[in-house]
There are 2 protein chains.
Amino acid sequence: MTIEDKRHLRSILTRQKLLEAAKEVFLQEGFQKATISQMIKKANIGYGTAYVHFEGKEDLLIVLMEDVMERFYEIAEISFLPKSKQEAEEIIYKQAHAFLTMAEAERAMMQVFEQAIGVSSFISDKWKAIREKFIQRISKDISFAQQNGLARAELNHKIVGRGWFFTNEMYLWEIVRNEHHASVEDVAKTITSVYTTGLYL
Amino acid sequence: MTIEDKRHLRSILTRQKLLEAAKEVFLQEGFQKATISQMIKKANIGYGTAYVHFEGKEDLLIVLMEDVMERFYEIAEISFLPKSKQEAEEIIYKQAHAFLTMAEAERAMMQVFEQAIGVSSFISDKWKAIREKFIQRISKDISFAQQNGLARAELNHKIVGRGWFFTNEMYLWEIVRNEHHASVEDVAKTITSVYTTGLYL
DNA sequence: TAATAATATTGACACGATGTCATATATAAA
DNA sequence: TTTATATATGACATCGTGTCAATATTATTA
């Protein structure tokens with residue numbers, strides 16, 4: 001349709017140049033130190049142009065994070081219908097492992113993201129949505145296991161689910177910061193073992 | 001000694017006035033929106049004076065947080081020598097409860113602190129020190145329990161300890177943000193139950 | 001006591017980042 | 001070609017920071 005629209009194409013190109021420049025600057029400087037000036041300079045566009053395409057730094061980062069966030073949602077949506085304690089442990093291990101592996105795979109952008117969470121309530125809300133998605137899923141799974149007599153029914157599934165995700169999340173950030181001293185496998189294996197032994201019958 | 005030194009007394013008074021004003025501003029505006037200008041205005045002192053007494057916003061907050069941090073260290077130092085699984089659960093519950101109760105008791109300042117952790121690496125390091133103190137203590141306790149045949153020896157005590165603290169810490173921040181929907185007692189009871197069942201024999 | 005030294009306070013200033021807006025430029029439509 | 005519309009631009013106003021030479025206050029010395 002508007003393939004022939006040079007103006008629109010130019011606009012898209014400008015936007016693209018800015019996004020690429022912004023990514024470079026974010027990775028190099030971190031979220032806080034990154035400035036619009038650095039980005040527009042690197043993209044060879046005018047200062048005001050940045051504000052035509054985005055509302056500011058936060059907006060730019062959110063667009064850059066979108067595919068990473070999408071992958072988190074995919075992990076969160078992994079279905080979970082175990083028939084035994086052992087089967088549960090296997091599935092839970094895989095999910096924890098996949099989750100923590102994301103931290104390693106996307107470390108650079110996640111580092112920027114972590115900084116941004118502390119500064120921008122907009123970005124903080126984005127992460128909160130991911131967190132709630134996971135917790136909702138986990139809690140539902142626990143509930144399912146309880147109904148099937150696999151898990152201790154006396155425990156509040158929401159509280160347990162949050163707690164389990166919290167352990168995973170904090171390990172995620174440690175890995176992102178490169179502050180972990182154990183391998184992703186060992187971490188996933190150990191926390192999963194304590195969790196499933198503590199919850200399942 | 002220097003009780004007669006009017007200059008020094010005046011200096012201490014100025015510092016005190018600034019600290020009090022800073023606290024008010026921090027609580028009202030949060031860490032990011034709080035400005036030196038607001039503080040010196042409230043304290044009725046000159047702008048440059050603030051920089052004579054403190055290096056900036058971060059420095060001011062750290063001084064204001066010192067007694068709260070001290071109390072965290074006290075909780076972390078609670079000794080832990082259980083003789084049975086049940087005894088362990090009781091002690092661990094108490095510690096978790098005390099930890100989460102701190103969040104409620106110091107909610108206002110902790111909210112400011114949380115924001116500051118995201119922005120200032122200096123303050124972030126302060127919290128990291130508290131975290132490591134807790135984790136070190138917990139890991140040691142696990143190790144002790146393992147040596148006495150109370151806990152599963154095949155688990156890496158450091159990984160388990162970190163994971164356990166992480167659950168507590170995240171619940172702490174939820175409580176600080178007033179985003180929790182379960183009582184401190186229920187949270188402490190539930191996460192302790194899963195943890196001790198998962199770890200102890 | 002007066003002069004001098006030491007300490008504490010001050011606000012103007014330079015700097016750097018943000019977001020806006022009137023203007024300029026490039027493209028499309030008439 | 002002329003007019004209309006979409007994009008791009010950078011100068012500008014605003015705000016917060018941290019510094020520093022100047023000023024005010026208190027102590028010491030002669």
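Just so it is clear: chains get the letters A, B, ... in the order the sequence lines come, proteins before strands, and each one is counted from 1. Since the model is a prediction, treat every value here as computed from it, not as a measurement.
- Here side-chain hydrogen bond (donor to acceptor under 3.5 Å, both in side chains) pairs that include residues 157-168 of chain A, with residues two or more places apart or in two chains, are Glu132(A)-Arg162(A), Arg162(A)-Glu174(B), Thr167(A)-Thr167(B).
- At least one donor-acceptor pair under 3.5 Å links the side chain of Gln32(A) to the backbone N or O of Val119(B).
- The CG-C1' distance, from Leu9(A) to dA8(D), rounds to 16 Å in whole Å.
- Checked for salt-bridge contact, Lys133(B) and Glu77(B) meet the test: a charged N lies under 4.0 Å from a carboxylate O.
- Taking a 4.0 Å limit (strictly below) on heavy-atom distances, residues 31-59 of chain B reaches DNA chain C at Ile45(B), Gly46(B), Tyr47(B), Gly48(B), Thr49(B), Val52(B), His53(B).
- Remark: C1' of dA29(C) and NZ of Lys6(A) are 15 Å apart, rounded to the nearest angstrom.
- Straight-line distance from the CG atom of Leu18(B) to the C1' atom of dA8(C): 14 Å, rounded to whole Å.
- Aromatic ring centres of Trp127(B) and Phe72(B) lie closer together than 6.0 Å.
- Residue side chain Arg7(B) reaches the base of dT26(D) through a donor-acceptor N/O pair under 3.5 Å, judged by distance alone.
- Within a 6.0 Å sphere centred on NZ of Lys33(B), heavy atoms belonging to other residues, nucleotides or ligands number 12 at most.
- Per the geometry, NZ belonging to Lys17(B) stands 11 Å off C1' belonging to dT9(C), to the nearest Å.
- Around atom CD of Glu104(B), more than 12 heavy atoms belonging to other residues, nucleotides or ligands sit under 6.0 Å away.
- The CG-P distance, from Asp5(B) to dT25(D), rounds to 16 Å in whole Å.
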